[in-house]
Amino acid sequence: MSAPELIRIVSRDSPMALAQVERVRAELGALHPGIATEVVPVKTTGDRWMGALSQVEGKGAFTKEVDAALLAGEADLAVHCVKDIPGDRPLPAGTTFAAFLERDDVRDALIHPGGLTLDELPEGTRIGTSSVRRIAQLAASHPHLQCVPMRGNANRRMEKLAAGEADALLLAVSGLERIGRTDVITQVLSVEEMCPPIGAGVLALQCREDDTDTIDVVSGLGHPQTFQETTAERMLLHVLQGHCNSPIAGYARTDRRGELSLRACVFTPDGKTVLNAHEWAGPLTPETLGTSVAVALLRQGARELIDGIAH
């Protein structure tokens with residue numbers, strides 16, 4: 001292997017994305033102290049557009065410009081949140097995942113200036129979120145609450161909360177940890193209270209397929225357990241062919257014995273229909289587990305449910 005002297009890392013230019021890059025740089029520096037790194041920040045369509053993602057290109061809005069810089073040779077390594085990478089289509093031709101970093105917290109957090117928990121919020125409380133996954137689950141569990149559209153990075157959303165555009169927020173615990181703002185968390189919701197998105201808490205390292213030197217260097221940052229869990233989750237999403245307006249949630253978990261399981265849900269936007277499936281891998285590969293759980297949901301009517309949602 002011929003280790004590169006410099007690795008150029010491309011990422012979204014939001015504060016959270018850049019904090020994620022710093023984690024990659026730190027871990028890479030510890031593993032390969034002699035390799036220098038350089039950050040190539042880009043602004044994506046998803047960061048510029050504050051409307052519904054379905055009006056641009058869904059989750060691809062957060063990855064297209066990053067992928068383009070990688071493919072053009074302007075960078076050697078891309079850092080993505082797995083939850084932002086479309087699962088209904090393959091990675092751009094010529095690129096591959098080199099590693100998934102060890103998973104962070106998958107849970108959602110409630111932020112309420114008055115310190116109330118989700119169950120204590122009074123009727124009509126406005127929850128700032130544009131996540132169809134969160135909206136559907138809140139409609140099912142707390143129909144007396146009102147969701148108001150809110151996009152932008154976590155800091156921007158907290159500014160909007162302070163300005164009175166919402167009464168409370170739902171944000172990812174892992175994101176708040178990455179920007180050092182866990183102090184604002186009022187309540188951490190269990191995965192039973194709010195099922196997480198596919199790929200929650202996972203950072204993916206993506207390279208060009210022909211750049212074997214960079215792949216060899218960064219693959220050492222990969223976490224085997226996270227690789228299994230993420231592979232199962234993304235195969236589930238691929239088989240379901242969910243779009244950006246599909247309220248799909250799910251997470252794989254490896255228990256203390258090393259046994260892998262996958263739980264997933266598909267919702268109608270109003271939360272009135274909830275499809276559930278949960279299986280253990282046993283002898284199955286992660287890919288087969290993801291396929292099996294997806295098939296269980298399809299047998300319950302997930303295809304009709306997903307296709308019946310405008311996007």
Side-chain angles (χ1 to χ4, degrees), residues 9-12 17 20 24 42 44-46 53-54 56-101 103 132-133 196-212 214-216 218-219 221-224 226-252 260 262 264 266 281 284-295 297-298 302-303 306-307 309 311:
I9 306 173
V10 62
S11 165
R12 295 164 61 185
Q20 292 163 180
V24 174
V42 299
T44 67
T45 301
L53 290 177
S54 58
V56 279
E57 47 207 303
K59 288 189 176 180
F62 290 116
T63 58
K64 184 180 73 171
E65 287 84 357
V66 175
D67 292 337
L70 184 65
L71 285 166
E74 298 166 5
D76 312 298
L77 175 68
V79 178
H80 292 293
C81 288
V82 170
K83 67 179 180 63
D84 293 332
I85 303 174
D88 56 346
R89 56 184 184 264
L91 288 179
T95 71
T96 186
F97 288 132
F100 295 122
L101 301 193
R103 187 168 219 161
V132 295
R133 171 190 63 89
I198 301 302
V202 180
L203 296 182
L205 305 185
Q206 182 185 6
C207 298
R208 291 184 299 277
E209 285 180 330
D210 59 2
D211 189 358
T212 54
T214 301
I215 292 172
D216 288 342
V218 303
S219 62
L221 302 181
H223 186 253
T226 301
F227 174 83
Q228 288 195 316
E229 293 173 357
T230 306
T231 299
E233 291 175 21
R234 283 186 58 78
M235 181 56 74
L236 165 96
L237 196 56
H238 175 70
V239 175
L240 289 178
Q241 288 290 291
H243 50 73
C244 64
N245 277 351
S246 306
I248 297 173
Y251 62 97
L260 179 69
L262 175 61
V266 178
L284 303 179
T285 65
E287 293 91 344
T288 307
L289 174 63
T291 301
S292 182
V293 173
V295 169
L297 290 167
L298 291 170
R303 175 79 287 121
I306 293 169
D307 290 347
I309 301 170
H311 66 284

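Treat the numbers as computed from the prediction; the structure is a model and nothing was measured. Numbers here simply count residues along the sequence, with the first being 1. Only heavy atoms go into these numbers, but all of them, side chains included; no hydrogens, no water, no symmetry mates.
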Partners of T96 by side chain to side chain donor-acceptor pair (under 3.5 Å), sequence neighbours excluded? none
Donor-acceptor check, side chain of T291 to backbone of E287, threshold 3.5 angstrom: yes or no? yes
Who are the salt bridge (Lys or Arg N to Asp or Glu O under 4.0 Å) partners of R133, not counting sequence neighbours? D108
When you measure from the side chain of E233 to the backbone N and O of A252, does any donor-acceptor pair fall under 3.5 Å? yes
Sequence-distant partners of S246, side chain to side chain donor-acceptor pair (under 3.5 Å), two or more places apart: H243
Out of curiosity, L289 CG to M235 CE, how far, rounded to the nearest 0.5 Å? 11.0 Å
In Å, rounded to the nearest 0.5 Å, how long is the span from CG of L203 to NE2 of H80? 11.0 Å
Test of understanding: with side chain to side chain contact (heavy atoms under 4.5 Å, CB included), list the residues that count as partners of T95, not counting sequence neighbours. L70, L71, L91, P92, Q206
So, the side chain of R234 versus the backbone of I85: is there a donor-acceptor pair under 3.5 Å, distance only? yes
Under 4.5 Å between any side-chain heavy atoms of V132 and I309, yes or no? no
Who passes ring pair (Phe, Tyr, Trp, His ring centres under 6.0 Å) against Y251, sequence neighbours left out? none
Partners of T226 by side chain to side chain donor-acceptor pair (under 3.5 Å), sequence neighbours excluded? H223
The criterion is side chain to side chain contact (heavy atoms under 4.5 Å, CB included); which residues satisfy it with V266, sequence neighbours excluded? L240, I248, L275, L297, A302, L305, I306
Can you tell me how far apart CG (L262) and CG (L236) are? Round to the nearest 0.5 Å. 5.5 Å
So do R303 and Q241 actually touch side chain to side chain, heavy atoms under 4.5 Å? yes
State which residues pass salt bridge (Lys or Arg N to Asp or Glu O under 4.0 Å) with D211; sequence neighbours excluded, sorted by chain then number. R208
C81 and Q20, any side-chain heavy atoms less than 4.5 Å apart: yes
Taken in chain and number order and not counting sequence neighbours, the residues that satisfy side chain to side chain contact (heavy atoms under 4.5 Å, CB included) with A98 are C207, I215, V218
Under the rule for side chain to side chain contact (heavy atoms under 4.5 Å, CB included), what residues qualify as partners of A99, not counting sequence neighbours? L205
Of all heavy-atom pairs linking I198 and A249, the shortest is CD1-C, 4.2 Å
For a 4.5 angstrom cut-off between non-hydrogen side-chain atoms, does T285 reach T231? no
Determine yes or no for a side-chain-to-main-chain donor-acceptor pair under 3.5 angstrom, with R103 supplying the side chain and A200 the backbone. yes
